[in-house]
Amino acid sequence: AVVAQQPSVLFVSTQFTPIEEAQRMRQVILKDFSGRVEFIPEDNAPFTNRILSEARAGKVNVSLVGGLHGDFPPLISAGSLEPVDDVMSQLKDRKFSPTFVNLGKMGTGNQYYIPWMQATYIMVANKQALQYLPAGANVNTLTYSQLREWGANLQKATGKRLLGFPAGPRGLMHRFTQGYLYPSYTKSAVSKFRSDEAHRMWSEFKALWQYVNPQSTTYDFMQEPLLAGEVWVAWDHIARLRDGLNQKPNDFVAFPAPIGPYGRGFMPVLAGLAIPKGAPNRAGAVALIEYLTRPEVQLTTLVENGFFPVIQTKLPDNLPQGTRMGADAIARQAQSNVALPSLLPVGLGAKGGEYNKVFQDTFARIILRGEDIRRVLDAEAANLRRVMNDTKAPCWSPDPASNGPCPVN
Amino acid sequence: MRSERYIPYVLILPSVLFLLFLFAWPLVEALLLSVRGGDGRWTLEHFQRMASDLYFKDAVKYTVLLTVVMVPLQVVLALCMAMLLGGIKRGRDLFLYVWTIPLGISDLAAGIVWLSIFTERGYLNSFLQAVGVIQEPRLWLSYETPAMLFLAVVAAEVWRATAIVFVILVAGLQLIPKEYGEAAEVFGATPWRRFWRVTLPLLMPSLQVALILRTILALEVFAVVVALGGRNLPVLAGEAYFWYNAYQSPGVAAAYSVLILGISVAATLVYLRLMRSRQEAAA
Amino acid sequence: MNARLVYLTLAVVLALWVLVPIFLIATLAFSDRASVFAWPKGILPQQFSLETIAFFFGVEGVGKAIRNSFLVAGLTLVLSVLLGAPAGYALARYRFAGGDAYRVLILMTRAFPLAILAIPLAVRFINLGLYDTALGVALVHTALALPFAVLVTSSLFLGIPKELEEAAWTLGCTRIQAFLKVVLPLALPGLAATAIFAFVISWNEVFAATLLTLRERTLPAFLLTALNDSPLPFRFAGGFFLIVPALVFIFVIRRYLFTLWGIANR
Amino acid sequence: MAGIRVENIVKLFGKVRALNGVSLEVRDQEFVVLLGPSGCGKTTLLRIIAGLEHADTGRVFIGGRDVTALPPRSRRIAMVFQNYAVFPHLTVYENIAFGLRMQKASPERVRAQVDRAATLMHIEGLLGRYPAQLSGGQRQRVAVARALAVEPEVLLMDEPLSNLDALLRLEMRAELKRLLAESRTTTLYVTHDQVEAMSLADRIAVMSTGNVVQYDVPMKIYQEPADTFVGGFIGSPPMNFLRLPVEGAQAKIQTLTLDLPAAPQGREVLLGVRPEDLEAHPQPQPQSFPAEVLVVEPLGPHLLLTLAYEGQHLKVTVPPDFEARPGQTLWLRPQPGRLRWHDPGSGEALTHAR
Amino acid sequence: MAGIRVENIVKLFGKVRALNGVSLEVRDQEFVVLLGPSGCGKTTLLRIIAGLEHADTGRVFIGGRDVTALPPRSRRIAMVFQNYAVFPHLTVYENIAFGLRMQKASPERVRAQVDRAATLMHIEGLLGRYPAQLSGGQRQRVAVARALAVEPEVLLMDEPLSNLDALLRLEMRAELKRLLAESRTTTLYVTHDQVEAMSLADRIAVMSTGNVVQYDVPMKIYQEPADTFVGGFIGSPPMNFLRLPVEGAQAKIQTLTLDLPAAPQGREVLLGVRPEDLEAHPQPQPQSFPAEVLVVEPLGPHLLLTLAYEGQHLKVTVPPDFEARPGQTLWLRPQPGRLRWHDPGSGEALTHAR
Ligand SMILES: Nc1ncnc2c1ncn2[C@@H]1O[C@H](COP(=O)(O)OP(=O)(O)OP(=O)(O)O)[C@@H](O)[C@H]1O
Ligand SMILES: Nc1ncnc2c1ncn2[C@@H]1O[C@H](COP(=O)(O)OP(=O)(O)OP(=O)(O)O)[C@@H](O)[C@H]1O
Ligand SMILES: [Mg+2]
Ligand SMILES: [Mg+2]
């Protein structure tokens, strides 16, 4: 009865929106929490609207918000999140990765979110495709040009274009350009945006795109085209591939992203937990943060929903096969000597969306519409520069640190 | 009874108050968004950004094209259905029911339904393979086949939204006394001319409503387009949505909305002009 | 004789045009996950399975969401007819200054994407305590359905001879009584259409429903995010699952689309 | 070449038997009036001939062609509807022009015909109006003009002048008659106005509850009704029927004995006599019988008296200056050649050895 | 206590002047008939009295109350519409019961009143039908029954019997008259049937293009028309008008001289004489003048002759056995007391030194 008296914690999250994941979040991951939680997953648009509206109206219902790093900037710039430095200090013993803790400060002096869980993007291939790998290529050390050749081989053999990317409206293609292509080819995302290296990168990618299934521009998640066999080799967020791996673990292999001239660029995905200003049940929210960052809960999260821990802990051996495959690929991606991790954008605030748009548009104009690469890069560089100047965001890794707004050379 | 003159105002008052509260006020805020910069000053910046955007021209083009193709198609189809219904003696109820089913289907669901047909491994390809037209699946929904994609969107929208036109027209048709049709028949009108000269003009008020309604909604198509073609077929409402949500730029989104509003107003005025109702002529 | 056959054939073709896609999605909804990705696909489920459909019924909160959906749609139906019919009547029967402007303006409310109105609306609703209530959502849905209600009813009333009403007045009816006893029954099929339409608008609307509720979700709002991000089999099943209530509802109300007294063959 | 022939038409509305085996032939260029009580099936018959309604049995021929299965537009007819059915969305001009436009007539012809028809119906000043702006009688005239404008071979009119005042009606009647005779239009015309029927018709078909009971030239219908129904229906006031005892081949009214054309079945006979065929006298007269005045009604050109003879009511018309008051006894003298005799059982007329 | 008084009613429809300053008083329990050509404003006047239309100027009183601003339901009236306006969604029974239900009458009263009204209109067998299943005349009777059932204080009827056959009409007319007299209902009744008007009306108001031109008891209207319009409009066939030269206070027809009640303005005068007031003789007679027969029309109870006198046309009615053929010359003798004299300019009647 005492438990029932407790006010519940309203926990709104942009993660775990797929219906099965939400079910598992409620029924398994949150099962052992002592308080009551109402977990409501939401798309990022209504999510943002809701937090902003509640803050503006001065009547907050939500006590805890969970989102990706990129979901928070508009909330912070509207001043609707409350710093959680105190919570962070309670969680000293968690052994958070310092990079993540730092990202949680959003380029300010305060901790705005507590790291919650992480993921990244990897590649998955149908085993039938392996026989067409270019001579001497190994999936674990694949280069971009080998990927192109692979695609060419596949098309020659099957008559179909079997590479795939999530370039649909809800797909994460822009992360591929920001965090994989650009770093691999230029060791930068912003400053060398229109460099000659970037030019070369785009022309090579364009060549590769000939072997990409044109329906890619409608794919949001790659697991379905993989399962349907419309695509044999694909890149996507691990959470958006997991279903395929779990359903047919024997049909697929998972492996790291390809390698470019500067190494293997890759980008982690970080989700965090934050507390809105005026949260009706801050104590409950803090307790829930404490619960979700416990090592055993972090592992349950991985097992159930495929997101990796943000604290240093050892993975158990009995992971589901799909998760295991993903974990292995991630490990190979992060630990190889060519690893070139890039950070999520820092300090862009509400302009994060427009930053993404620069990359999406560049992709669409060069690859899909076949516009002249130079002209497009110059034009979009101007947009990128404007975003940077408006936000005065300094460069973040892998771009070299800058004084003042990150320059677009 | 001079006092009669206030009656219409009393009748519309509740709806006016209601809309002022629920619509006008948020609308003004939204409109302000489109003409104010981040610092609160008046600006056309959002409109400029909209106009110079990569997808803007296509969005305008496809939205208008979709409207121009879809709306007449739906109206004609609905008219045919409504007239057919008059010619069916038995099973009228059944057809009425079946034809109105799509009324209850959301654009979300319609998108999913037609995706299952047009997707690479969908029913269309399965069917074509079964009848031997193709061996391997063909792609219908990619950026390389804009015409086919356009047709798919049209098919889905026609499938989904013809029913409402149909229902409005059937309701209107029932109010036309049958003696007008009989008189026309006696005076030598073929069914075809009877339809044009008598039924259609008498149906004008309903037709006008249906047309305006469908046009405005067609200018806002979005969910079905995105479900079938992603952004390969950009449309205005979709762009507004992307700017608002993905790019977090309410100003430009509001500019798109203002544009949609403008086109809708223009279209509506044109309809009202072209199809002035008899009531006005009579009074 | 021949014409009848042509009519019937056309009618059947049109009916198939409506039904076949629904049948196909139903097929997919009742297939197991693997056959959703199969190629080429057959017309019937290759592997009949209730797995995905059953899953939907098992999701926590679906029952409540269905209830909410009915509540919201019902409220919308009532509100939009109550607010819309008088206005439609005014437009049909009176010529008054501002009438034409009203006619255009009311339509314009539909010409603005709701998404953009989201934040101001939400803020206002939170302040009024309408946030996260069925009534709040119904109010927004009413705003969406109202223009149709007004215009459809106005064209309906235009078709009902004024003399009938006048006769009722001389027989002792107030204007309201005359409306209720004479105009309303005659307009009933059309009003039913209006009402269904309002219902359906509400039933299918997701955006406002998502934004203005947290716990009191309507079914589509409840499923929206889930559907968008779920694997294809779930989306098909979900799509079908969303259609079914509409099928039932329209079936129930279908007879009101036709007159009960055969004025149709006046 | 456009006579109308209907054969054995039966029409049921559910259980209502609207037409009960009607056969009727209208000769080419003939003007036939359908007369009958409300609800007897006149409109239904017209609608079946027009093809707007389908008979349950029976056939319809127009101009020798069997048109039973043809749609209305192929029957080359025009029709004036009882409730006008003028198109509300068209001006008076366009209403009248409708049929011509359907025939794709040249603009000049349309204009000429519309003007002619409108002038005939005195609505030339209303051509630009919409029907909602017209009075009842004006709308009716538009309906007639619309039918006239197409110059049909066969014209069906359902009470086309019922909403007009006497004067206008008189005039239109005359014009209609002249026009239709000139244009040689075969016409079937429903009216409840007997004067109209009498003055227009070549022949009158009297209907009663779904049957044609008498079909003859107007004077015959008036003077020699086939049965008591027709006699009672035609004439205003209608024919008087007196039940009289029979003696041999003679009927008796008090002292007066009247010859019968044939011996009736029973012991009684019905005398049919029109109100104007009884001469009223204040004083006893030869060849007359007495009756008591009950009611005196002035009707303008004459007075209408209601009298009682042995409990049976009688109507008699007398000149307007005739002095009569209720209670008074008058002597009525039947005009010899104007008496009709009917069987009291069947109501049918007794005929001279025919 | 429910007379009707309208004062100086003007009604414009756009530019059409439907009523032109009409004043009219209907006394309590009086039966007044409105008579006038099509489009003269009868329906409009009725609608203004009922409160369905609003006059541009003028006031309406019912039972002494100024009801100009009251809605129809508060005027305690019932109305029969020219186009019936029966409710298509209600059965005949419910149509008739409608007004009673609005008064919240007890179920017994509803049943009793409906039965009574239906029986009166001879539609008791149709109570369960919908209007779509009725003939025109039947619908009209439903409309009348519906108005009668509420037993109003004031009853407005717009051509309520126009679609009925003569017999039914005669009967209904009589019943209506009896019923309304019994229930003391003040009635304003539009008809174009003069016989109906004559036989029903306490007084007749003759209208012409938006004005009431004469308002008097029927016989006066018939015998002493206020002007040539009324004389020409009332009577079937209407009054003959002969333009005659004046000498002193006398008018001349050939050798015949007739006294005038007053000396007219000009040198000519109009003689108004009804067709039945000219006695026709095959042979010259004293006090008569000759005219040539143009047309002979048999109308049942009498023959209608059209004759020409010095180029002016005349109609005369003669007994049906009168022998006349076109071309023949007849001598016409005007009945002395029945002659009316009108001013040829204004058409107004010349009156005896009044
Ligand atoms: N809504 C209107 N707009 C314009 N003119 C009208 C309108 N209603 C009636 N009128 C005109 O007003 C005049 C009087 O009409 P009203 O209906 O009163 O005639 P009425 O005497 O009843 O004729 P009828 O015997 O033919 O029914 C007519 O000339 C008619 O054309
Ligand atoms: N649709 C119908 N359903 C049932 N009965 C009908 C229908 N139409 C007509 N009737 C009936 O059939 C009979 C004949 O109708 P019809 O309209 O032919 O009469 P009518 O002779 O034209 O009468 P009126 O002079 O009153 O117009 C009437 O008794 C009528 O009630
Ligand atoms: Mg009839
Ligand atoms: Mg009238």
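In the text below, chain A, chain B and the rest are named by the order of the sequence lines, each starting its count at 1.
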For D:L168, which atoms come within 4.5 Å of any heavy atom of chain E: side chain, backbone, both, or neither?
side chain
Rounded to the nearest 0.5 Å, what separates atom CG in D:D193 from atom CG in E:D165?
11.0 Å
Residue selection (most heavy-atom pairs with chain D, distance under 4.5 Å) from E:P237, E:P218, E:G136, E:C40:
E:G136
D:T43 versus chain E, the contacting section by heavy-atom distance below 4.5 Å:
neither
Measuring heavy-atom distances to chain E, does D:Q138 have an atom under 4.5 Å in its side chain, in its backbone, in both, or in neither?
both
Side chain to side chain contact (heavy atoms under 4.5 Å, CB included) assessment of E:L164 paired with D:H192:
CA-CA 6 Å; E:L164 302 187; D:H192 55 258; 5.8 Å; no
Of E:R141, E:Q140, E:H122, E:R139, the largest count of non-hydrogen pairs under 4.5 angstrom with chain D goes to E:R141
Turns out that what part of E:P238 lies under 4.5 Å from chain D's heavy atoms comes down to side chain
Can you tell which of E:S199, E:A18, E:S135 has the highest number of heavy-atom pairs within less than 4.5 Å of chain D?
E:S135
Are side-chain heavy atoms of E:R129 and D:V16 found at a separation under 4.5 Å?
yes
Residue selection (most heavy-atom pairs with chain E, distance under 4.5 Å) from D:L304, D:N163, D:V195:
D:N163
Can you tell which part of D:F13 gets under 4.5 Å to a heavy atom of chain E, answering side chain, backbone, both or neither?
neither
Honestly, the part of D:S38 sitting under 4.5 Å from a heavy atom of chain E is both
Below 4.5 Å, heavy-atom pairs only: which of D:G232, D:S162, D:G137 has the largest tally toward chain E?
D:S162
Crowded around E:E182 CD? As in, over 12 foreign heavy atoms under 6.0 Å?
yes
